[in-house]
Amino acid sequence: MRIGQHLQKLRIERRVTLAQAAGTDCSPSTLSRFENGRSQLPAEVFINIITRLHLDWAEFRPTPGTQQSALIGQYHQAVTSRSAYQLLTLREALQDNQHRPLLYRTEYYIVELTLARDFPETLTASPQLIQTALDYLVKIDYWNDAAFTLASLLTPHVPITVLDNLARHAIYQSRDGQPSAEEVDRTTILLADIALKKARRGDFHGAETTLTSCQLPAIPPLFTAMRHKFVAAFIRWRQGDEAGREQVQALLKLLETLDAGDVAARWRQEIKSPTGDRH
């Protein structure tokens, strides 16, 4: 069920009108469009409405097979447009303050770490933030898309031993029952990210082992296949294979041809200083 549709269901069950639910946060027509899936609400407006109506936030938490938080959609939009302002707005909506508890903890850590990665002039990922985010992540039983995103953002900041634990957790998630193609896809991307970080730190054997644990389907999604090939080529390049370097450059050019320059820029940044990683 869509987030807006679920809000509508809860509102009607409580006999709250559109005007009452919208309050001063937005117009009733704006809220109606959100409930019917025709538009999105700004994160701070959505949070204000849920808080003011005293709805249970657990009602909106993602579970296996359901749509994830509407905030993650806004997060991906901000990343794609490289908007520090949108990310900072989400951060303000999610962070602790005197009147509003931290409602979406996974999303909050994601926004913090993304700001530190993409806009280091706005925020630095402190050791305390990294540790609390990691402690929170490993306690989650089921990893949805948001949890996998958080795991990927944490990989540059944690020791090799922790990377191995994240890899094992990801593999466990994909082997639980009959994983969907989407679950296999996100596991593959995270394992490729972990393999890349190991290669950057000189652990080539560990990088190759992690990468070979990926279970690519016969016809994987384009970006997943490209990510896997990119990391495999980077490992070969770091081991002195000139053909690996050429394949890395070819894949980056292909991304730009596919109008994915933002992805290419991020991948270039990932391999810019292979010896600069800590731990």
Side-chain angles (χ1 to χ4, degrees), residues 1-119 122-123 125-126 128-129 132-133 136-137 139-140 142 144-150 153:
M1 184 179 293
R2 298 188 305 268
I3 296 294
Q5 185 180 358
H6 194 59
L7 172 60
Q8 181 184 57
K9 174 179 177 292
L10 295 175
R11 176 179 63 76
I12 292 174
E13 286 176 352
R14 289 157 177 75
R15 294 183 172 83
V16 178
T17 67
L18 269 171
Q20 291 170 334
T24 59
D25 294 303
C26 66
S27 68
S29 60
T30 296
L31 180 58
S32 177
R33 287 194 297 272
F34 172 68
E35 289 185 345
N36 289 284
R38 296 197 298 271
S39 68
Q40 289 290 338
L41 281 181
E44 61 271 24
V45 172
F46 180 69
I47 289 174
N48 285 344
I49 290 174
I50 298 305
T51 304
R52 182 162 42 77
L53 296 182
H54 301 289
L55 297 178
D56 185 357
W57 280 95
E59 294 274 5
F60 296 89
R61 294 301 299 166
T63 55
T66 65
Q67 183 176 348
Q68 60 183 335
S69 163
L71 302 178
I72 285 295
Q74 296 182 47
Y75 161 78
H76 286 303
Q77 182 182 12
V79 171
T80 300
S81 60
R82 294 192 59 80
S83 173
Y85 173 76
Q86 290 181 37
L87 287 171
L88 287 168
T89 300
L90 274 174
R91 179 175 182 258
E92 174 64 25
L94 291 166
Q95 68 185 2
D96 286 322
N97 61 41
Q98 182 178 358
H99 305 291
R100 181 187 297 141
L102 191 58
L103 302 170
Y104 280 108
R105 194 167 296 273
T106 309
E107 289 84 342
Y108 173 75
Y109 292 138
I110 287 173
V111 172
E112 289 271 306
L113 291 167
T114 302
L115 279 166
R117 181 193 68 186
D118 295 348
F119 305 97
T122 66
L123 186 71
S126 67
Q128 181 180 5
L129 171 68
T132 54
Y136 171 75
L137 178 65
K139 294 175 183 176
I140 299 175
Y142 170 79
N144 55 23
D145 285 345
F148 272 88
T149 299
L150 177 56
L153 286 164

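Since this is a predicted model, take the numbers as computed values, not measurements.
Between the side chains of R117 and T114, not a single donor N or O lies within less than 3.5 Å of an accepting N or O.
Among pairs with a residue in residues 21-30, those fulfilling salt bridge (Lys or Arg N to Asp or Glu O under 4.0 Å) read D25-R52, at least two apart in sequence or across chains.
Counting heavy-atom neighbours within 6.0 Å of E13 CD, excluding the residue itself, gives a total above 12.
Counting all heavy atoms, side chain and backbone alike, L137 lies closest to A147 at CD1-O, 3.6 Å. L7 and E35 get closest at one heavy-atom pair: CG-OE2, 4.1 Å. The two residues A21 and L31 have their closest heavy-atom pair at CB-CD2, 3.6 Å. Nearest heavy atoms, I49 versus C26: CD1-SG, 4.2 Å.
A distance of 9.0 Å separates CD in E112 from OG1 in T132, rounded to the nearest 0.5 Å. Atom-to-atom distance recorded for T122:OG1 and R91:CZ is 8.0 Å, nearest 0.5 angstrom. How far CZ of R14 is from CG of L53: 8.5 Å, rounded to the nearest 0.5 Å. In this structure, CG on L129 lies 7.5 Å from CG on L123, to the nearest 0.5 angstrom. Going from atom CD of Q5 over to atom CG of N36 covers 8.5 Å, rounded to the nearest 0.5 Å. To the nearest 0.5 Å, the span separating CG on L113 from OG1 on T149 amounts to 11.0 Å.
Judged purely by atom type and a 3.5 angstrom limit, R33 has no side-chain atom pairing as donor or acceptor with the backbone of R38. In terms of modelled atom types and a separation under 3.5 Å, the side chain of S32 and the main chain of P28 share no donor-acceptor contact.
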Apply the test side chain to side chain contact (heavy atoms under 4.5 Å, CB included) to residues R105 and Y136: give CA-CA distance (whole Å), side-chain angles for both, the deciding distance (0.1 Å), then the verdict.
-> CA-CA 9 Å; R105 194 167 296 273; Y136 171 75; 3.6 Å; yes
